[in-house]
Amino acid sequence: MFMNFRRIHKCQCVQLLTTGLVLCMVMVCWEELDHHVVSHMRSYTYRYLVNSYDFLNSSFVITTKDQKRKNGAISVNGLGSYPYLINHPDKCGGVGREGKRFDEVLLLLFVKSSPENFERRQAIRDTWGNESFVWSKLGDSVRLLFALGVHPEEGHRSFFHWGYKYCSQAHFFMSADDDIFVHMPNLVRYLRQVLGKQSRAKDLWVGHVHRGAPPVRRKDSKYHIPYELYPWPSYPDYTAGAGYVVSGDVAAKIYHATLVLNSSMYIDDVFMGICAKAMGVSAQEHVFFSGEAKAPYHPCIYDQMITSHGHATDVRSLWREATDPAVYSHSRGFVGNLYCTAVKVMLLCRPYYQNTYSCMAAFT
Ligand SMILES: *[C@@H]1O[C@H](CO)[C@@H](O)[C@H](O)[C@H]1NC(C)=O
Ligand SMILES: *[C@@H]1O[C@H](CO)[C@@H](O)[C@H](O)[C@H]1NC(C)=O
Ligand SMILES: *[C@@H]1O[C@H](CO)[C@@H](O)[C@H](O)[C@H]1NC(C)=O
């Protein structure tokens, strides 16, 4: 009897100790667990089951008084409240310059940069941002503009203002970081397809789409968002800010939304998502717009890639290789197609998450 009692006692002790240990570990790791698992589960549930972001429209609209102030600040001297932009009002053909009509502009490229990144800007001008290359080789007009910001996160707020004011005739607008690579021939081909026979493109907002992304609540993160700023478990869909394209009508809608919505959400991409949601514009995924990562280097990738992120130094060599007309010959014919699919499956369908092109891109 006595022995038995002692054994039970011992067992309970061990149980108690183990439970305590597990609890301790969960508490220590809770923040990590919350960050990586719980917040994502909550946010996906919200995105896919609830999917109601109606609150964005009502709770983000600012008062008419604040709207007047905001509009006033903008109209005082063009882009008064956005002091960092190097302004080229006639970049887009100019208002009645030499009595000419507006040129047809297919794409206005707006690249966010900072003053010290002179080398990167030069590399972009010489490669994918070379306006005369696009004109002479592809027969389309693309205009390149750099926004030098002390505050790069605010980049595209001025982008929409600038586009609306000085380049409203452009068919498409692209916002890009200065460390991305854009395969301009593929992009122009794609945009021409979208345009088709229409005189104006409509409702296009395309890029690498983040769906059901949760706000980061960890204080040590660069993207920390306190509950006061955004109390909901999930952001509306948004495209990765590294590079995305909108059609002219969407750019105008976003511009109007920025005038009446509270812009204290400082993460640019997310703010764009909020504006778009309020205006009823939805993001389209294109598998060859990359997220935060570099695309693999391979001709079978080059013949379809649109953007790739993280190219500060190899822009020139990549441009030479990726725009060589020979890259298109690899995927030609049945055998070529099969070969390229196999290569892409090997490069893109990895078991771990890479955040470059998705495995789906191998089959398009
Ligand atoms: C830009 O493209 C044009 C036309 O293809 C070419 O002649 C010129 O050398 C290019 N500029 C640079 C800096 O590479
Ligand atoms: C915008 O939202 C923030 C945080 O919710 C709030 O503190 C601020 O007063 C709002 N601004 C305007 C102009 O409504
Ligand atoms: C609110 O939503 C409606 C319908 O989607 C839209 O027409 C309106 O422009 C939105 N308001 C603002 C301020 O964005």
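Source: prediction; values computed, not measured. Atoms within each ligand, like the ligands themselves, are counted from 1 in listed order.
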For this session: Heavy-atom distances under 4.0 Å are what count here, so tell me which part of Arg125 touches ligand 1: side chain, backbone, both or neither.
Result: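 Arg125 to ligand 1: no contact under 4.0 Å from either part.
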
Problem set entry | ligand 1 contact on Asn130 by region, counting heavy-atom pairs under 4.0 Å |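 Side chain only.
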
Problem set entry | Residues Lys277 and Asp237 bridged, charged N to O under 4.0 Å |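 Salt bridge absent between Lys277 and Asp237.
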
For this session: Using the six-membered ring wherever Trp is involved, compare the ring planes of Phe60 and Tyr230 and label them parallel, tilted or perpendicular (cut-offs 30° and 60°).
Result: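 Correct class here is tilted.
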
For this session: Would you check if the distance from the ring center of Tyr164 to the ring center of His256 is below 6.0 Å?
Result: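 Yes; His256 has its ring centre under 6.0 Å from that of Tyr164.
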
Problem set entry | Neighbouring protein residues of ligand 2 - any heavy atom closer than 4.0 Å |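 Within 4.0 Å of ligand 2, protein side: Ile62, Asp66, Glu228, Leu229, Asn262, Ser264.
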
For this session: For Ser136, counting its heavy atoms only, list the atoms of ligand 1 lying under 4.0 Å from any of them.
Result: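 Once the distances to Ser136 are compared, the set is 4 (C), 5 (O).
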
Exercise. What atoms of ligand 1 come within less than 4.0 Å of a heavy atom belonging to Lys137?
Worked result: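 That gives atoms 5 (O) of ligand 1.
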
Distance-only donor-acceptor hits, side chain of residues 303-315, under 3.5 Å, sequence neighbours excluded:
{"from": "Asp303", "atom 1": "OD2", "to": "Ser331", "atom 2": "OG", "distance (Å)": "2.5"}
{"from": "Gln304", "atom 1": "OE1", "to": "Lys344", "atom 2": "NZ", "distance (Å)": "2.6"}
{"from": "Gln304", "atom 1": "NE2", "to": "Thr364", "atom 2": "O", "distance (Å)": "3.1"}
{"from": "Thr307", "atom 1": "OG1", "to": "Ser290", "atom 2": "N", "distance (Å)": "3.1"}
{"from": "Ser308", "atom 1": "OG", "to": "Ala295", "atom 2": "N", "distance (Å)": "2.8"}
{"from": "Ser308", "atom 1": "OG", "to": "His311", "atom 2": "NE2", "distance (Å)": "2.7"}
{"from": "His309", "atom 1": "ND1", "to": "Glu292", "atom 2": "O", "distance (Å)": "3.3"}
{"from": "His309", "atom 1": "NE2", "to": "Asp179", "atom 2": "OD1", "distance (Å)": "3.1"}
{"from": "His309", "atom 1": "NE2", "to": "Asp179", "atom 2": "OD2", "distance (Å)": "3.4"}
{"from": "His311", "atom 1": "ND1", "to": "Asp314", "atom 2": "OD1", "distance (Å)": "2.9"}
{"from": "His311", "atom 1": "ND1", "to": "Asp314", "atom 2": "OD2", "distance (Å)": "3.4"}
{"from": "Asp314", "atom 1": "OD2", "to": "Tyr297", "atom 2": "OH", "distance (Å)": "2.4"}

Exercise. Hydrophobic clusters join Ile, Leu, Val, Met, Phe, Trp and Tyr when side-chain heavy atoms are under 4.5 Å apart, directly or via other members; which others share one with Leu49?
Worked result: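 For Leu49, no cluster forms, as it stays isolated from other hydrophobic side chains.
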
Problem set entry | Check: Val206 main-chain N/O paired with Gln284 side-chain donor or acceptor under 3.5 Å |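 Checked: no pair found.
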
Exercise. Is the closest side-chain donor-acceptor distance between Asn186 and Tyr328 under 3.5 Å?
Worked result: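 Yes - a donor-acceptor pair under 3.5 Å links their side chains.
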
Exercise. Does anything in residues 190-200 pair up under side-chain hydrogen bond (donor to acceptor under 3.5 Å, both in side chains), and if so which pairs, sequence neighbours excluded?
Worked result: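 Only Asp140-Arg192 qualify under side-chain hydrogen bond (donor to acceptor under 3.5 Å, both in side chains).
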
